[in-house]
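Here the structure is a predicted model, which means the values were calculated and not measured. Every heavy atom of this structure was used, including side-chain atoms; hydrogens, water molecules and symmetry mates were not.
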Amino acid sequence: MSRFFAGGSDSDSDSSSDSEPVIRQQVAQFTFSDEEEDVKRVVRSKKEKRYEDLSNIIKNIRNHKKIKDMSSVLTSFEEFMRAYTKALPVVMKEENGVTPRIVVRALAELEDFVNESWDDKENRKSLSKNNNKALGTLRQKFRKYIKDFESDMKRFRAAPEEFAEEEDEDEREDEKGSDDEQEKVVVQPDVPKAVSFKKEPEKVKPVKPVDDSDSSDWGSDSDSDSTSSDEDAKYTSIRDRFLKKPEKGTDEQSAVPVGAVGEDAFKKEKKKKTGEALKKKKPKQDEMFDENEEEEEGWKVVNGTRSGASEQPKMFAKDAEIDTKLVVNKLNEVMAARGKKRTDRKMQIEFLRELRTVAETNNLGPAVAAKIRFNIVSAIFDYNPKVSGAMKLEHWSKLLEEIQELLKLLLAHEDVHLSESILDEQEEYDTAPFKIRGCMLTAVERLDDEFIKLLKECDPHSNEYVDRLKDEVPVTNIIEQVVTYVERLGNEMEICRIYLRKIDHLYYKFDPNVLKKRKGQLPPNTVTSVEEMDKLCRYIYAKDQTDRLRTRAILSHIFHHALHDNWFQARDLVLMSHLQETIHHSDPATQILYNRMMANLGLCAFRHGNIKDAHLCLVDLMMTGKPKELLAQGLVPQRQHERSLEQEKIEKQRQMPFHMHINLELLECVYLVSAMLLEIPYMAAHEFDARRRMISKTFYQQLRSSERQSLVGTPESMREHVVAAAKAMRHGDWNACATFIVNKKMNVKVWDLFYEANRVREMIVKFIKEESLRTYLFTYSNVFASISVPHLADMFKLPKSKVHSVISKMIINEELMASLDDPTETIVMHRSEPSRLQALSMQLADKVTNLVDANERIFEMKQGNFFQRGGNQGYNRDRQNYRNQNQNQNWNNNRRQDNRNRGNRGNQNRGEGREQREHHREHHREQRDHREHQREYREQRDQMRNVEYQNKADHSDAAVRFHFPAGSGSKSCSACIASAVLLSEPKLP
């Protein structure tokens, strides 16, 4: 019989015979489980319930704060708000509306926690996406909720000791109550109880150190039988056998059987001891380890890190002979787990470092060391599972160190060849020349990409970005070393690739030595960045076999020339390469580089005073309205449709680092000023021209929007300054125009960003004077019969030679109908411009002519089917109705005679075919007559225009009449008659 149902042991039951009577211990008549004995019904008041709910929630919040589980903190805080709302009637009744101190203290602690977590940006970056979102939500909700407790929070901040004392008193009262209860515990005699199948909690004992053999751990069968029989004799019932034993050295009060009261007392005593132990100072780790070892043998003190990271991995057996083959095999074994699902990447790096240490200790040669270091670099790259995300800073610093050591090793030993073309079977580690499979160029390209990712992850306006930007120096040094190594190998394709990487770090940097050398301030043998770029790009032009590398090299070369004011070299490269014709077939990164090149080329043209070229370079970039996106300097929210998450992620990866950005306000200001210098004189010259075209649509829109405003104040933004300057230029006021463009505010925003800013400002003022002079002549030439050149020179503060040059160009280009009289230094106007009435009449005549031309084109396109509708008039309408009637009649006759005689229907169809052919011949004759009439009309109109121009040239004051004939000669064409009379008006003095 099992020992669970009787007081005896197994040995006793086996040894006894069936004839012997079994003496069983008497059992109580009614059996109760331990659960039924422990559970007591307690009646609590509403106050106790509410306060207990609040205290439990506050404990949960504190526990969640310790592990920084923001989602759980948010959930618990929402439960706290609901629980306090329920408890509010009790608080108003019992506490007279005073907020409980435990609630105030909990809210103050939560406020400190939320503020610290929000201010700690480093910690926020390490949080998961859900925790970050929960932290923001918690911060908003807590700010709203805390407004009702402002007075309580002020009291707490003023005297937090009062709130702490109450909690300490509560704890002391709880402990005192627990001690009183413990004193009341009486040791009860052992009473036989019913056997319960509930598993009693057992206290885990420390394991004593014993021998490693199985026999010492478990013992023999004979020993177990004897010990079990001895132990069974000690207990009067099965329940006593499985009760917890009191520890040695404790009082008799702690030896109470685990009942309802005893268990509570035991827990409170344990809690009290734990609290006392926490108040004591912690001893040192070594002393604690020695004490624990003396008291409880078998326990070890471990740190919180993983065992794999703290312990050095064991690579080989102690008696193994370390040689090249063994190390290479172990290396291949470690790298075979690369990329697998359950591979511990950190442990893999530790294994490789230990393997490197073993190889260096045993002097296995540079080839094995290079192979292991290259695999360490690959393992560090693999540690970051996200391709789009940047690696951690600790891994980035280790990666730089490993690559630098690897390059030193490769450059120091020229007999070590690391190449991608070497197969695994061809690797050689023992004899020179050593051959290793791998590609150093690919590793450096990946390093450069990771560096760009790190810059994109940082806030560009923080010190962290500056710290990361300092890493560009070691990165460029590594690229220089790889250039030396690849040039030694002699592979042209790899040389082109590493040259392009070097160009990417060089093309956007301004070198002041270039301008100093141009001015003769430096010796001629000084090597500048322009010469270095020229050398690298020329090699790529000659040796590259792919269009992409050559295209990017050309774009970078043009950018660098434009950056150093080499306008003619940059312009010639653009025109000779014809990139503007094929760039739309390139990848997005190359198109972004093209946009950056055109922007910088426009700035270079502006600095050189080539206003038209600057406008042409920038117009395509600024007309779209989104230069920020085209230059990859940020994302602009789209109005029509939103980007998907995948699309936004891809576009963010294409963004340029902040230190490579082009100032967008500077770019827009240069574009608008260039447009102003071109558009305002053109508008003045073609004020009454109906066919006037816009040179710059963006500038025209800015000007029109300013004119539509009812009240225009003092300009504040850059755009408002340019618009105000344009209005002043339209009236010929160059001084006001220059003041709006060049002032202290515009200098800070725009012009001071240029190299040699004073020269740029002087150039702008000079162009404003010249274009204001041209605008003045275009606007007021019809007022004067002659103008004095010295007067114009004094008015616009220009030398007489410059005024003479500007007017001569205008006369040569036929922009101004005048002649220069050198003896008197005057401009004699040959004719006055038409008055406003005459100009409006000429506009009307041009518009009517355009209307007639459009009507003729519509007639030519639609004459086949347009005039066959029911709304036509005249001969064609009657003919069409007659033909439709015949067709309907023939169709009805055919339907009636279909079943009678098919032959008659065939004859009738043939007769109808003859009628249609005759109709088509007549229609073709009408078209021919109409074309002849059009030709006669055009000749007549051209002749009359020639007469008009001749009359204008002869300065006749007679009335000029324009007469348009009445359209085409066909009866189907609608008549268009328009006439405009230009009445002669006397000249203004």
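For the atom pair E464 CD and C458 SG, the distance stands at 4.0 Å (nearest 0.5 Å). In this structure, CG in D448 is found 8.5 Å from CD1 in I498, a value given to the nearest 0.5 Å. With values rounded to the nearest 0.5 angstrom, M597 atom CE is found 9.5 Å from I554 atom CD1. In this structure, OG1 in T590 is found 11.0 Å from CG in N595, a value given to the nearest 0.5 Å. Here N747 contributes atom CG and L753 contributes atom CG; the two are 10.0 Å apart, rounded to the nearest 0.5 Å. One distance of note links CD of E401 with CG of L406; it measures 13.5 Å at 0.5 Å rounding.
Remark: K435 NZ is loosely packed, at most 12 non-hydrogen atoms of other residues, nucleotides or ligands lying under 6.0 Å away. Around atom CG of L575, more than 12 heavy atoms belonging to other residues, nucleotides or ligands sit under 6.0 Å away. Atom CZ of R759 has more than 12 neighbouring heavy atoms from other residues, nucleotides or ligands inside a 6.0 Å radius. Within 6.0 Å of CG in N329 there are more than 12 heavy atoms belonging to other residues, nucleotides or ligands.
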### Query
Between D613 and W567, does a side chain to side chain donor-acceptor pair (under 3.5 Å) hold up when you go through it step by step?
CA-CA 11 Å; D613 295 327; W567 160 248; 4.6 Å; no

#### Entry: Working for salt bridge (Lys or Arg N to Asp or Glu O under 4.0 Å), residues R468 and D459
CA-CA 11 Å; R468 294 283 68 76; D459 182 9; over 6 Å; no

### Query
Does the pair E756 and K519 meet the rule for a salt bridge (Lys or Arg N to Asp or Glu O under 4.0 Å), with working shown?
CA-CA 13 Å; E756 297 180 350; K519 295 177 181 178; 2.7 Å; yes

### K456/K652 under side-chain contact (heavy atoms from CB on, under 4.5 Å): CA gap, chis, key distance, verdict
CA-CA 9 Å; K456 292 178 184 177; K652 283 184 178 180; over 6 Å; no

#### Entry: Test side-chain contact (heavy atoms from CB on, under 4.5 Å) applied to E648 and L635, step by step
CA-CA 9 Å; E648 186 174 357; L635 299 180; 4.0 Å; yes

### Task
For salt bridge (Lys or Arg N to Asp or Glu O under 4.0 Å), just list the numbers for R497 and E494, CA-CA rounded to whole Å, side-chain angles, deciding distance to a tenth of an Å, and then say yes or no.
CA-CA 5 Å; R497 287 168 59 188; E494 291 185 353; 5.3 Å; no

### Task
Output, in order, the C-alpha distance, side-chain angles, deciding distance and verdict of side-chain contact (heavy atoms from CB on, under 4.5 Å) for H395 and N384.
CA-CA 9 Å; H395 300 304; N384 184 20; over 6 Å; no

### Task
Might you work through the side-chain contact (heavy atoms from CB on, under 4.5 Å) test for N610 and R571, ending with a clear yes or no?
CA-CA 12 Å; N610 301 320; R571 183 198 61 183; over 6 Å; no

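Without hydrogens or angle criteria, Y485 side chain to L418 main chain gives a donor-acceptor distance under 3.5 Å. Under a 3.5 Å cut-off, the side chain of Q591 and the backbone N or O of S586 do form a donor-acceptor pair. Between the side chain of R373 and the main chain of R356, no donor-acceptor pair closer than 3.5 Å is present. With H560 contributing its side chain and S556 its backbone, the two residues share no donor-acceptor pair below 3.5 Å. The backbone N or O of I422 lies less than 3.5 Å from a partner atom in the side chain of R437, making a donor-acceptor pair. With K749 contributing its side chain and E665 its backbone, the two residues share no donor-acceptor pair below 3.5 Å. Checking side-chain atoms of Y465 against main-chain N and O of F658 turns up a donor-acceptor pair under 3.5 Å. Panel note: side chain W396, backbone F451; no donor-acceptor pair is recorded below 3.5 Å. Listed for the R550 side chain is a donor-acceptor partner under 3.5 Å among the backbone atoms of D544. One N or O on the side chain of Q633 and one on the backbone of I662 form a donor-acceptor pair closer than 3.5 Å.
Aromatic ring centres of H417 and F434 lie farther apart than the 6.0 Å criterion allows. The ring of H557 has its center no closer than 6.0 angstrom to the ring center of Y507.
Annotation: side chain of E531 is not in contact with side chain of D534 (no heavy-atom distance under 4.5 Å). Using a 4.5 Å cut-off on side-chain heavy atoms (C-beta onward), V327 and I372 make contact. Counting only heavy atoms from C-beta outward, the side chains of I495 and Y499 approach each other to under 4.5 Å. Looking at L631 and L664, their side chains come closer than 4.5 Å, going by heavy atoms from C-beta outward. Contact annotation: the side chain of T484 never approaches that of Q481 to less than 4.5 Å [non-hydrogen atoms, C-beta and beyond]. A heavy-atom distance below 4.5 Å is not found between the side chains of K509 and L563. Taking the side chain as every heavy atom from C-beta outward, Y383 and Q348 never approach each other to under 4.5 Å. Two residues are said to be in side-chain contact when any heavy atoms from C-beta on lie closer than 4.5 Å; L447 and I478 meet this criterion.
Electrostatic pairing of E651 and R654 does not count as a salt bridge here, judged by no charged N lying under 4.0 Å from a carboxylate O. Checked for salt-bridge contact, R719 and E668 meet the test: a charged N lies under 4.0 Å from a carboxylate O. Ion pairing of E457 with K125 is absent here, as no side-chain N (NZ or NE/NH1/NH2) approaches a carboxylate O to less than 4.0 Å. With respect to R124 and D120, no salt bridge is recorded, no charged nitrogen being found less than 4.0 Å from a carboxylate O.
Residues T551 and Y594 bring no donor and acceptor atom of their side chains to less than 3.5 Å of each other. Side-chain N/O atoms of R518 and N566 include a donor and acceptor closer than 3.5 Å.
Of all heavy-atom pairs between V368 and A359, the closest is CG1-CB, 4.2 Å. Of all heavy-atom pairs spanning M660 and M656, the tightest one is CE-CE, 3.4 Å. Between C537 and A553, the closest heavy-atom pair is SG-O, 3.6 Å. Residue D752 comes nearest to A757 through the heavy atom pair CA-CB, 4.1 Å, listed as atom of the first residue, atom of the second, then distance. Considering all non-hydrogen atoms of both residues, F374 and A443 come closest at CE1-CB, 4.4 Å. Here the shortest heavy-atom pairing between M598 and C617 reads O-CB, 3.8 Å.
Checking R446, K346, R338 one by one against D382, the salt bridge (Lys or Arg N to Asp or Glu O under 4.0 Å) holds for a single residue, R338. When F510, Y508, Y755 are each tested for a ring pair (Phe, Tyr, Trp, His ring centres under 6.0 Å) with H564, only one passes: F510.
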